[in-house]
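Working notes, structure below.
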Amino acid sequence: MVPFATLENAPGTSVMAVVTRFAPSPTGLLHIGGVRTALFSWLYARRHGGKFILRVEDTDRERSTDEAVRVILEGMQWLGLDADEGPYYQTRRFDRYREVLAQWLAEGKAYRCYCTKEELEQLRAEQMARKEKPRYDGRWRDRTDTRPGVEPVIRFKNPLEGEVVVEDSVHGRVVFKNSELDDLVIARGDGTPTYNFCVVVDDADMGVTHVIRGDDHLNNTPRQMNMLAALGAQVPRYAHVPMILGPDGAKLSKRHGAVSVLQYEEDGYLPDALLNYLVRLGWSHGDQEIFTRAEMIAAFDIADVNKAASAFNPEKLLWLNQQHMMKAEPASVVRYLKPHLARLGIECADDALLAKIVVAQRERVKTLKEMAQNSRYFFGEGVELDPKAAAKHLTPEALALLGQLRASLAGLGEWTAAAVHAALEALAATHSVGLGKVAQPLRVAVTGNTISPPIDQTLELIGRVRVLARLDAALAAAP
RNA sequence: GCUCCUUUCGUCUAGAGGCCCAGGACAUAGCCCUCUCAAGGCUGUAACACGGGUUCGAAUCCCGUAAGGAGCGCCA
C-alpha cells in the first residue's frame, strides 16, 4: 500500500503519481512512429518517477496478428523501454467492457441502434450531398422497440449541447462543440466493444494520468472525455504529439520507413541511437543533439514538444548511430555487434579482442552491420584479394618491399602496433619512400582491400601468424 | 463538404516583442590533418508560407489567405 499522507489538497492539486501508457494496436507492425510515442510516454513516466503501462489494443480480431504482437514485445525489449505493468490485452478484458456496457444501457447512457449498414450508408450519402458533415443522426436514441433480424450495435449517448474543452499539453486549449459529435458505436453487432470505448474504460481502470499519443487522436478526445464523464472517472492530462512523416514529407508508409522497428536492429542500429534520434523528432533541449538515456530522462518535458509533424531523416540517424558507437563503452557495443558477426558466420568468444576491433572500426562505419562486414579480415585464415586493389597496389616494386617487410615483421620482438609501426617506418626510410608506399600494398595483402583502420593497429589485431601467412600468399600469387 | 490541427535553412530544430539583416545539428561545397577509409577541426551555401493589422519595434501578438495533415467507420 502506498501511503498517501497529503490527499487533502485542494481539488486538482492533489499529489498524483504519474501513470502513462503505450497502447499500440497489433493490426500493423510497430514502426518508428509508434516507438516515438512509446518513448515519450516512457520518458515522462521515468522522469516523474511514475508508472509506464503497456497495453495491446487488439479488439479488432479480424486484423490483429500474432506477428504484430511479437514485434511490439520484442521491439520494446530491444529498445529497453521496460513497462512497469502489462502487457495487458484488451481481448482479455471483455467481461469488464460488457459490465460497463450493461450498466450504461441500464442507466440510459447508451442505447441499442438497429440501423442496418445500408441505412447508415444512405444517411451518409444524403448528408454528403447536402454538404454536411456525415454523422449518425441519433434516430434510435430514444426508441425502446427492437427490429427483428438486425443485431443491434450499442451507441453512446453523447451530450447534445455544450462544448468539450481539451487542455492539451502540446496544443494548448482546443474546444469542440458537442453538436459536432455524434453517438458513436461502442459495441458491434456481435457484441464486441470498439476502440474508443475500450480506451476509456482501460484508461480509467488503470488510473492513467497522462495520455501521450499521436495527434491523429485529437479529434477522438472530446468523445472520450464525454465517456469518461459518464464513467465518473477523472480526465487524464492529454498530450497529442505530432506525427512522423517519411523522408519525402509524405505520410509514413511501408515504402519508406514504416518498417518493423526490428528492422533497425537488423540494419545495425544501437537502441540508444534510435531512441536519441526519435526523441529529437518533435522535441528539443536547447542545442543538444546527443543524449544518453539518462540525459533524455533528465531533460524530457512534454512542454518542449513541437506541434508540427516532422520528416524522418535516415542520414541523421546514421550519424547519431556512429556518434553513439564512438561514445559508448566498447563492451556494450560488442554485445550488439555479436549478432551481426554471427549473421556472417563469425563466432568469437574473445570479448577483449572484439572490444579492440570496435574501437578500431567505430569511427569509420555508421552501423554495426557495416562494422561486422568490414571486420571479416580479423577472423578466419586467408583473405580474398580485391582484383582492382591488387592490380593497383601489389606491383612488382611493392612486392619487393613486402618481401623485406615480411622478414622484419617475422623477427619482431613483440607484436604490437607500436613495434609494427617502427618496422614500417624503418623500411620506408631505408628506401626513401613515404609510409603510404608500403602501407597500402601491405593493407591490400592482409585485408584484401584498400580500407582498414591504421595499418599498425590492423596488423596487431589480425595477429602475427595470420599476417605472415597472408603476406606469403600475396608474394606467392605474384607473377 | 464539415470540424479540428499545423506552417523558421533540403531535413531536424533554437527562438516565448528589441540579444536575430535569425543560432545549432544532419546533409552539401571548400580547406586543414593524414599510410587508406574515416573521425576531427575550420570556412561557405541555405529559412521566419503569403497578405494585412497592433506596436517606437514582430520570426515572436491579432485577423485573413494559401498549402499540408487529421477526423467525420459495426478500424485503431
Side-chain angles (χ1 to χ4, degrees), chain A residues 23-28 57-60 62-64 113 115 117 120-121 124 127-136 151-155 166 168 171 174-177 179-182 184-192 194-196 198-199 214-222 240 242-243 245 247 249-251 277 280-290 306-320 322-323 326 361-366 374 389 393 421 424-425 428 434-444 447 449-456 458:
Chain A
S25 159
T27 51
E57 311 224 318
D58 55 353
T59 52
D60 183 355
E62 300 280 300
R63 300 194 302 152
S64 294
C113 166
C115 285
K117 292 188 181 184
L120 260 14
E121 246 164 62
R124 258 193 289 275
Q127 288 165 328
M128 292 288 256
R130 268 181 271 131
K131 303 200 180 218
E132 284 171 17
K133 182 173 178 171
R135 76 242 267 214
Y136 179 66
E151 287 297 337
V153 298
I154 299 176
R155 288 181 185 273
V166 181
D168 192 272
H171 291 275
V174 184
V175 181
F176 295 87
K177 291 188 183 65
S179 56
E180 292 291 335
L181 274 24
D182 64 358
L184 75 159
V185 171
I186 55 178
R188 304 180 178 92
D190 65 4
T192 58
T194 61
Y195 165 76
N196 273 297
C198 296
V199 167
D215 65 9
D216 49 334
H217 289 283
L218 184 54
N219 286 298
N220 288 327
T221 307
H240 288 95
M243 322 223 15
L245 274 20
K251 193 177 169 184
Y277 177 72
R280 285 283 291 95
L281 239 37
W283 175 84
S284 60
H285 184 64
D287 283 339
Q288 189 172 351
E289 296 286 353
I290 300 170
N306 276 165
K307 297 173 180 179
S310 40
F312 180 79
N313 182 341
E315 278 85 36
K316 190 158 181 183
L317 205 211
L318 244 13
W319 173 76
L320 263 176
Q322 180 172 37
Q323 293 300 313
M326 292 195 293
Q361 293 283 49
R362 60 186 177 181
E363 64 191 40
R364 62 204 88 240
V365 295
K366 302 284 192 196
N374 292 0
H393 296 284
H421 192 79
L424 286 174
E425 292 226 298
L435 196 56
K437 283 277 186 251
V438 28
Q440 267 317 75
L442 174 59
R443 178 171 277 118
V444 172
T447 71
N449 219 315
T450 56
I451 299 169
S452 90
I455 194 64
D456 46 1
T458 303

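Remember, it's a predicted structure, so these values are computed and weren't measured experimentally. The basis for the numbers below is simple: all heavy atoms, side chains too, and nothing from hydrogens, waters or symmetry mates. Just so we're on the same page: letters track the sequence lines, and every chain starts at 1.
- A:Pro454 comes within 4.0 angstrom of a base, heavy atoms only.
- Both distances falling under 3.5 Å, in either a Watson-Crick or a G-U wobble arrangement, place B:A25 opposite B:U11.
- Rounded to whole Å, the separation between the P atoms of B:A67 and B:C74 comes to 31 Å.
- When the P atom is used for both B:C35 and B:A29, the distance is 24 Å, rounded to whole Å.
- A distance of about 26 Å separates the C1' atoms of B:G52 and B:C9, rounded to the whole Å.
- With both pairing distances under 3.5 Å, B:C31 is matched to B:G41 as a Watson-Crick or G-U wobble pair.
- Taking the side chain as every heavy atom from C-beta outward, A:Leu435 and A:His421 approach each other to under 4.5 Å.
- Spacing between atom CG of A:Leu320 and atom C1' of B:U11 amounts to 13 Å, rounded to whole angstrom units.
- Contact annotation: A:Thr194 does not reach the phosphate of B:G73 (side-chain N/O to OP1 or OP2, under 4.0 Å).
- The CE-P distance, from A:Met243 to B:C12, rounds to 15 Å in whole Å.
- Within the structure, every side-chain polar atom (N or O) of A:His217 is placed at least 4.0 Å from both OP1 and OP2 of B:A70.
- Contact annotation: A:Thr59 reaches the phosphate of B:A76 (side-chain N/O to OP1 or OP2, under 4.0 Å).
- With both pairing distances under 3.5 Å, B:A67 is matched to B:U6 as a Watson-Crick or G-U wobble pair.
- In terms of phosphate contacts, A:Asn306 brings a side-chain nitrogen or oxygen within less than 4.0 Å of OP1 or OP2 of B:A14.
- Base pairing analysis places B:A59 opposite nothing; no Watson-Crick or G-U wobble pair with both distances below 3.5 Å involves it.
- For the residue pair A:Arg443 / A:Gln440, a side-chain donor-acceptor distance below 3.5 Å is found, with atom types taken as modelled.
- Across all strands, A:Gly282 comes closer than 4.0 Å only to sugar-phosphate atoms, never to a base (heavy-atom distances).
- Atom-to-atom, CG of A:Asp215 to C1' of B:G68 comes out at 12 Å; the value is rounded to the nearest Å.
- In a base pair of the Watson-Crick type (N1 to N3 plus N6-O4 or O6-N4) or a G-U wobble (N1-O2 and O6-N3), with each distance short of 3.5 Å, B:U36 is matched with no nucleotide.
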Where do A:Asn220 and A:Val199 land on the side-chain contact (heavy atoms from CB on, under 4.5 Å) test, with the steps shown first?
CA-CA 11 Å; A:Asn220 288 327; A:Val199 167; over 6 Å; no
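- The interatomic distance linking A:Asp456 (CG) with B:C35 (P) rounds to 11 Å, in whole Å.
- Comparing A:Ser310 and A:Tyr136, the nucleotide of RNA chain B nearest to each residue sits closer to the 5' end for A:Ser310.
- Using the Watson-Crick or G-U wobble rule with both distances under 3.5 Å, B:G1 pairs with B:C72.
- A distance of 10.5 Å separates CD in A:Gln322 from CG in A:Leu320, rounded to the nearest 0.5 Å.
- Side-chain polar atoms of A:Thr447 and A:Ser452 form no donor-acceptor pair below 3.5 angstrom.
- Side chains of A:Leu317 and A:Phe312 form a contact here, defined as non-hydrogen atoms less than 4.5 Å apart.
- With rounding to whole Å, A:Phe312 atom CZ is found 12 Å from B:U11 atom C1'.
- With B:U7, B:U13, B:C74 as the choices, the nucleotide that has an atom nearest any side-chain atom of A:Lys117 turns out to be B:C74.
- In this structure, of B:C12, B:C4, B:A76, it is B:C12 that holds the atom nearest to the side chain of A:Ala311.
- If you check every strand for non-hydrogen atoms under 4.0 Å, A:Asp190 touches nothing.
- B:C48 and B:C72 are spaced 34 Å apart, taking the C1' atom of each and rounding to whole Å.
- The local environment of CD in A:Gln288 is crowded, with over 12 non-hydrogen atoms from other residues, nucleotides or ligands closer than 6.0 Å.
- When both distances must be under 3.5 Å, the Watson-Crick or G-U wobble mate of B:A16 does not exist.
- To the nearest 0.5 angstrom, A:Arg124 atom CZ is 10.5 Å from A:Lys117 atom NZ.
- At the heavy-atom level, A:Pro24 lies nowhere under 4.0 Å from the strands shown.
- The P atoms of B:G17 and B:G10 are separated by 27 Å, rounded to the nearest whole Å.
- Under 4.0 angstrom from either OP1 or OP2 of B:G69 there lies no side-chain N or O belonging to A:Lys307.
- Taking atom C1' on both nucleotides, B:U65 is separated from B:C31 by 47 Å, rounded to a whole Å.
- For the residue pair A:Ala23 and A:Glu57, the shortest heavy atom distance occurs at CB-OE2, 3.3 Å.
- Contact annotation: A:Gln322 side-chain N/O to B:G40 OP1/OP2 distance is not under 4.0 Å.
- Nucleotides B:G68 and B:C32 place their C1' atoms 44 Å apart, quoted to the nearest Å.
- Rounded to whole Å, the distance from CD1 on A:Ile290 to P on B:G24 is 16 Å.
- Regarding A:Leu281, its CG atom lies at a distance of 15 Å from the C1' atom of B:U6, rounded to whole Å.
- With RNA chain B read from its 5' end, the first of the two nearest nucleotides for A:Phe176 and A:Arg155 is the one closest to A:Phe176.
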Pairs under 3.5 angstrom, nitrogen or oxygen only, protein versus nucleotides 25-32 of chain B, please.
from: B:A25; atom 1: O4'; to: A:Glu289; atom 2: OE2; distance (Å): 3.2
from: B:C26; atom 1: O2'; to: A:Lys316; atom 2: N; distance (Å): 3.2

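- Between B:A14 and A:Ser284, a contact under 4.0 Å exists linking OP1 or OP2 to a side-chain N or O.
- Here A:Glu57 lies in heavy-atom contact (under 4.0 Å) with sugar-phosphate atoms only.
- For B:C35, the OP1/OP2 oxygens have no side-chain nitrogen or oxygen of A:Arg443 closer than 4.0 Å.
- Residue-level contact check: A:Arg130 touches neither bases nor backbone, having no heavy atom under 4.0 Å from any strand.
- Rounded to whole Å, the separation between the P atoms of B:G18 and B:C62 comes to 16 Å.
- Per the geometry, CD belonging to A:Gln288 stands 13 Å off C1' belonging to B:A14, to the nearest Å.
- With rounding to the nearest 0.5 angstrom, the CD atom of A:Glu180 is 4.5 Å from the NZ atom of A:Lys133.
- Taking the six-membered ring where tryptophan is involved, the planes of A:His217 and A:Tyr195 are tilted, since the angle between them lies from 30° to 60°.
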